[in-house]
Amino acid sequence: ILSAVHYLEQMGERRGHIRIALKDDDNVKINFKIDKKLIKGIVKKISTVSLSFESNESDFLKTLKKKKIITNIELEIENEKLYTDALIVRNEEKIVLMFVNIEEDFLNKLCAFIFDYINKE
């Protein structure tokens, strides 16, 4: 799936999705449970359709079945907690969560954060 996403980006098919790169001090965090294990991480890139993150559990995450849906993901942005579900996609370098079952409230808050972030740069 990642190679398909990269191909579509090269072909200009994802122009409507703005992706921003975050710094560690932006303090955007992600937490979720999978297979009874609590995963905590720092978000590195985010868009309205997906995010990538770093976690101390990266080795564990690389053992999971690809295309597994993770529910009740907690995303902490500017001290506000948002919840969503996502499909886990990965390769050797990255762990990516592609949002599924996106609710309007989640999308509105995420878009507001992304636009505010872009405007303050």
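This is a predicted model, so every value here is computed, not measured.
The local environment of CD in Glu103 is sparse, with at most 12 non-hydrogen atoms from other residues, nucleotides or ligands closer than 6.0 Å. More than 12 heavy atoms of other residues, nucleotides or ligands shown are found within 6.0 angstrom of NZ on Lys44.
With hydrogens and angles disregarded, no donor-acceptor distance shorter than 3.5 Å links the side chain of Asn31 to the backbone of Leu38. Remark: the backbone N or O of Lys23 is paired with a side-chain donor or acceptor of Asp26 at under 3.5 angstrom. Checked by atom type and distance alone, the side chain of Thr84 never pairs as donor or acceptor with a backbone atom of Ile73 at under 3.5 Å.
A heavy-atom distance below 4.5 Å is found between the side chains of Leu75 and Ile46. Considering only heavy atoms from C-beta on, Leu87 stays 4.5 Å or farther from Leu97 through its side chain. Contact of the Leu22 side chain with the Tyr117 side chain is registered, since non-hydrogen atoms from C-beta on lie closer than 4.5 Å. Inter-residue side-chain proximity for Asp116 and Ile114 is flagged as unmet; no heavy-atom pair is nearer than 4.5 Å. A heavy-atom distance below 4.5 Å is not found between the side chains of Val43 and Lys45. In this structure the side chain of Thr71 never reaches within 4.5 angstrom of the side chain of Phe32, judged on heavy atoms.
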List the steps and the verdict of side-chain contact (heavy atoms from CB on, under 4.5 Å) for Thr48 and Phe99. CA-CA 8 Å; Thr48 56; Phe99 304 131; over 6 Å; no

Yes or no on side-chain contact (heavy atoms from CB on, under 4.5 Å) for Ile39 and Phe53, after CA distance, side-chain angles and deciding distance? CA-CA 11 Å; Ile39 307 296; Phe53 67 101; 4.3 Å; yes

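Ion pair Lys109/Asp105 flagged as a salt bridge, since at least one NZ, NE, NH1 or NH2 atom sits closer than 4.0 Å to an Asp/Glu carboxylate oxygen.
The side chain to side chain contact (heavy atoms under 4.5 Å, CB included) test applied to Asp35 returns Phe60, Leu64, Lys68, not counting sequence neighbours. Applying the salt bridge (charged side-chain N to carboxylate O under 4.0 Å, His left out) rule to Glu76 yields no partners; only residues at least two apart in sequence or on another chain are considered.
Minimum heavy-atom separation, Phe106 to Tyr83: CD1-O, 3.7 Å. When every heavy atom of Met98 is checked against every heavy atom of Val89, the shortest pair comes out as SD-CG2, 3.7 Å. Residue Asp85 comes nearest to Asn72 through the heavy atom pair OD1-N, 3.0 Å, listed as atom of the first residue, atom of the second, then distance. Of all non-hydrogen atoms in Leu61 and Ser55, the two that sit nearest each other are CD1-CB, 4.4 Å.
Taking NZ from Lys40 and NZ from Lys29, the interatomic distance works out to 8.0 Å, rounded to the nearest 0.5 Å. Atom CZ of Arg19 and atom CG of Leu51 lie 11.5 Å apart (nearest 0.5 Å).
Following chains of ILVMFWY side-chain contacts shorter than 4.5 Å, one cannot reach Ile42 starting from Ile88, and the two form parts of different hydrophobic clusters.
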